[in-house]
Protein chains: 2
Amino acid sequence: MPPPPSRRPTIRDVARSAGVSVTTVSHTFSGNGKVAPATQQRVRTAAHDLGYRPDVIAQGLRSNRLGVIALVARQLDALRPELLFDVDYFARFAGAAAVASLAEGLGLMLVSDPTGPRAAGAALASDGFIVTEPVVDDPLVEMLTNAGIPFVTVGEIPGVAPETSDVPLVDIESGRLTTLALDHLWESGARRIALVTGTDRNEWNLRSASVYQRWARFRRMPPALVHAPEALDDEGGRRAAITLLDGSDAGGVPDGIYALTSNHALGILAELTVRGLRVPDDVRIVAGSDAESLRTSQTTISSIDLRPDELARRAVQALAARLDDRPPPDHGDAPVGRLLVRASSRPRSPDQR
Amino acid sequence: MPPPPSRRPTIRDVARSAGVSVTTVSHTFSGNGKVAPATQQRVRTAAHDLGYRPDVIAQGLRSNRLGVIALVARQLDALRPELLFDVDYFARFAGAAAVASLAEGLGLMLVSDPTGPRAAGAALASDGFIVTEPVVDDPLVEMLTNAGIPFVTVGEIPGVAPETSDVPLVDIESGRLTTLALDHLWESGARRIALVTGTDRNEWNLRSASVYQRWARFRRMPPALVHAPEALDDEGGRRAAITLLDGSDAGGVPDGIYALTSNHALGILAELTVRGLRVPDDVRIVAGSDAESLRTSQTTISSIDLRPDELARRAVQALAARLDDRPPPDHGDAPVGRLLVRASSRPRSPDQR
DNA sequence: CTGAAAGCGCTAACAG
DNA sequence: CTGTTAGCGCTTTCAG
């Protein structure tokens with residue numbers, strides 16, 4: 001048996017080897033036309049013997065679809081890629097998205113900023129995009145809309161009512177989760193609850209803040225609201241804590257803090273500890289995003305687990321459906337995110353800590 | 001101005017609009033042939049006006065290259081993608097790889113298991129692969145080798161001498177780093193140092209174990225070696241600790257533990273704490289992989305920072321070079337991984353802890 | 001049921 | 001310097 005030519009076998013090689021036309025080969029693989037079972041068998045054997053695999057690129061050229069979707073990782077800063085904040089959220093989301101994509105027969109591309117000038121061609125070749133946490137006037141959203149590229153968002157596009165837009169949306173439930181966290185803090189005994197958000201203008205930050213304001217009014221509690229850049233990590237949390245503790249503008253030191261970013265929560269805990277404040281006895285803390293580090297910190301920190309894995313799965317499925325012009329999957333309205341109570345907000349439980 | 005046809009403009013549209021041939025357009029964009037500057041300008045303007053962007057797929061068809069490389073995330077288990085272990089390592093590696101890829105004009109695809117039967121076509125369409133931590137008789141390595149697909153590994157292929165193979169390798173320096181960790185434990189006062197590895201049969205686990213054996217012999221220290229599955233996370237660490245503390249086979253309880261997986265280290269710390277052993281006074285701990293959670297645990301844990309960001313960058317560059325038939329980049333032999341000393345192995349320092 | 005042939009958008013000889 | 005043209009591997013009418 002002569003060594004096959006080094007180039008990979010094409011559909012023609014298979015056709016020749018099976019004594020049929022390329023059409024027949026194409027049809028047996030795509031299941032499109034009608035091919036006699038016997039012929040199919042011959043084709044498959046020939047293909048197998050030759051080690052033939054349809055060329056995805058050529059298919060893509062015909063169909064204008066590559067079978068790849070892109071996940072935009074906002075946190076990826078080209079200058080300091082080692083400083084991914086909210087590592088857990090990102091990793092879990094990306095991991096689950098990759099697996100879910102595979103299940104849909106799609107590849108998952110990781111992309112930082114496709115709007116930038118250096119946007120690699122490949123980045124744009126994707127069939128669709130998953131945009132997590134779009135921000136106000138998001139240039140990426142604008143670009144995708146203009147280019148007519150299908151995309152789904154995780155979290156609403158701020159300022160765009162979901163009913164208005166036909167962009168599929170995976171709901172992160174900022175409203176419900178904020179209330180959940182605040183109610184929990186209240187029940188665990190806090191009466192002056194402060195909110196620490198990030199500075200990105202996405203739904204998570206914005207809606208949490210507005211729900212918090214309303215909630216505070218309802219509870220007749222003077223609101224204490226601090227913003228710290230996500231990228232500052234625990235240092236941002238430390239600063240927020242300092243602001244809250246020193247600037248006693250809201251009439252007194254808070255005895256409960258809801259910090260949206262996990263690393264902010266860690267920084268807050270650190271600052272409180274330094275000042276000799278006890279958690280949860282003096283101040284209760286809840287983080288708005290779960291992370292491994294919250295499970296293992298000196299005092300373990302309660303958090304909202306956004307369930308990035310589930311969000312990712314839904315996003316992929318919604319996008320895949322949109323790409324195939326299928327109706328969007330119905331995930332029912334079972335809530336996704338949940339509260340994880342840990343030591344930082346547990347009323348009193350002698351066995352803990 | 002009539003609305004442009006809804007299909008995206010092709011190179012021919014540009015050619016027509018600029019009054020030149022398609023070749024000229026192609027050349028001005030690829031910079032391949034020679035085109036008069038004036039013509040170039042006309043072409044560019046026309047292209048810009050039409051909103052033309054070269055079609056990556058068509059380019060790929062011609063060149064047999066898509067401009068996409070794949071990162072195989074071994075930890076992605078389709079059944080439980082939310083259980084990524086070593087989240088930090090993965091996230092940092094993937095993030096840095098995505099950014100580095102972009103800098104090389106490549107997209108980065110996340111892929112779980114391309115050898116499986118369900119392997120989506122797109123997963124295989126990548127121009128090359130980055131395989132982290134290949135294992136003994138790795139089916140993926142075999143598959144890529146057979147298919148003639150270029151790849152680089154991060155960490156040696158166990159059982160294959162790097163000189164023998166022409167697969168580009170990014171060295172994780174397991175040997176040096178193991179010695180570094182063990183020497184550090186020794187210097188911080190430990191005299192019975194145990195090693196806890198994972199169970200994957202990759203270079204990191206295997207080489208660390210063998211270097212440890214040699215090191216123990218050299219120090220005339222009875223070796224105590226325990227293996228725990230990576231996927232068990234902190235529970236694996238807890239079990240390893242139990243084994244080490246109860247099964248006093250090696251003559252006595254260890255006073256120093258080097259645990260390769262960060263979550264194992266956390267579990268070990270937890271178990272030691274439960275038993276009333278003080279860290280670092282009674283037992284010193286070093287983790288073989290850094291993570292945010294080690295920085296914020298009850299007692300902060302020293303670790304080997306593998307510098308996943310740097311490893312990823314090198315892997316991408318090596319692969320990109322290989323794809324272009326360029327010589328592999330020379331990263332010199334400056335060491336990459338480093339030791340981060342934290343409370344869990346700090347001799348005595350009243351300000352810490 | 002099967003085959004011939006026309007492209008998908010682009011590049012690269014090869015001629016002018 | 002610029003244009004003509006022949007494909008890359010595949011799908012898809014449209015005829016047999």
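Naming: A, B, ... by sequence-line order, numbering from 1 per chain.
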In the 5' to 3' direction, the nucleotides of DNA chain D bounding the stretch that comes under 4.0 Å of a heavy atom in chain B are D/dC1 to D/dG9
The complete set of ring-ring contact (aromatic ring centres under 6.0 Å, His included) pairs with one or both residues in residues 309-329 of chain A, sequence neighbours excluded, reads none
Quick note, ring-ring contact (aromatic ring centres under 6.0 Å, His included) partners involving residues 41-63 of chain A, not counting sequence neighbours, are A/F29-A/Y52
Each nucleotide of nucleotides 7-16 of chain C classed B (base within 4.0 Å of a protein heavy atom), S (only sugar-phosphate) or -, in 5' to 3' order, makes BBBBBBB---
Contacts of B/R65 meeting salt bridge (Lys or Arg N to Asp or Glu O under 4.0 Å) (sequence neighbours excluded), chain-then-number -> B/D127, B/D324
With sequence neighbours left out, the residues meeting salt bridge (Lys or Arg N to Asp or Glu O under 4.0 Å) with A/E133 are none
Rounding to the nearest 10°, end axes of the helix from C/dC1-D/dG16 to C/dG16-D/dC1 built from five pairs each make an angle of 40°
So salt bridge (charged side-chain N to carboxylate O under 4.0 Å, His left out) across residues 15-33 of chain B, not counting sequence neighbours, yields B/D13-B/R16
In terms of heavy-atom contacts, B/P308 and B/R92 come closest through CG-CB, 3.8 Å
The complete set of side-chain hydrogen bond (donor to acceptor under 3.5 Å, both in side chains) pairs with one or both residues in residues 146-167 of chain A, sequence neighbours excluded, reads A/E156-A/R207
Residue pairs passing the side-chain hydrogen bond (donor to acceptor under 3.5 Å, both in side chains) test with at least one member in residues 19-31 of chain B, sequence neighbours excluded, are B/S21-B/T24
Contacts of B/E104 meeting side chain to side chain donor-acceptor pair (under 3.5 Å) (sequence neighbours excluded), chain-then-number -> none
Sorted by chain and residue number, the side chain to side chain donor-acceptor pair (under 3.5 Å) partners of A/D138 (sequence neighbours excluded) come out as A/R74
